[in-house]
Amino acid sequence: MASQKSLNDLTLNFLRDIYYAERQILKALPKMAKAAENDQLKQAFQQHREETEHQVERLQQVFERLGTRARGQTCEAINGIIEEGEEIVGEFDKGPVLDAALAANAQAVEHYEMARYGALVAWAKVAGQNEIASLLEQTLAEEKKADTLLNELANKDLNKKAAVKQAA
Ligand SMILES: [Fe+2]
């Protein structure tokens, strides 16, 4: 049965969700890099994998500051997004069209993370937890940067190559 919970409970709930999500993303990114044909896209996935390792560490620091053990809680949303990506990899051959799909799906991952970190930063701020807010803001900025990079890659290169493939 539902019970009255505090914003702190909600924060912990979201932290466990995103902690689980980050570790799933850590496992998914090397597979995405392997599936990508475009070098820049491959590089973007590899680079974001390294960033994600730091993001996991930052979350561990946040749990520590809150005085609780770092633990994840299954996030069906991220599982679903990653699963959809895997299905596409199974359906499309390696090449420009798959690259466009991989970039689009990675953006869905980033958008999910941005929504979660955005809320967590806002709640840490209203709770006066400034150090926690600043740790999570660093991650939020990285997710936004990763999203922008993917968007640029898609618009400048990947989508056009995918369209050429379509016409051929
Ligand atoms: Fe992340």
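Predicted model, so just to flag it, every value in this text is computed and none were measured. Atoms within a ligand are numbered from 1 in the order they appear, just like the ligands themselves. When reading the values below, keep in mind they use all heavy atoms of this one structure, side chains included, and skip hydrogens, waters and symmetry mates.
Residues passing the salt bridge (Lys or Arg N to Asp or Glu O under 4.0 Å) test with Asp147: none are found, sequence neighbours excluded. Scored by the salt bridge (Lys or Arg N to Asp or Glu O under 4.0 Å) test, Arg65 finds Glu131 as partners (sequence neighbours excluded). Under the salt bridge (Lys or Arg N to Asp or Glu O under 4.0 Å) criterion, Arg49 pairs with Glu53, sequence neighbours left out.
Residues Asn8 and Trp123 form no side-chain contact, since every pair of their non-hydrogen atoms from C-beta on lies 4.5 Å or further apart.
Taking 2.8 Å as the limit, the number of protein N, O or S atoms around the Fe ion (ligand 1) is 5.
In summary, Arg116 and Asp17 engage in a salt bridge, as defined by a charged side-chain N under 4.0 Å from a carboxylate O.
The main-chain N or O of Ile81 is found under 3.5 Å from a side-chain atom of Asn105 such that the two form a donor-acceptor pair.
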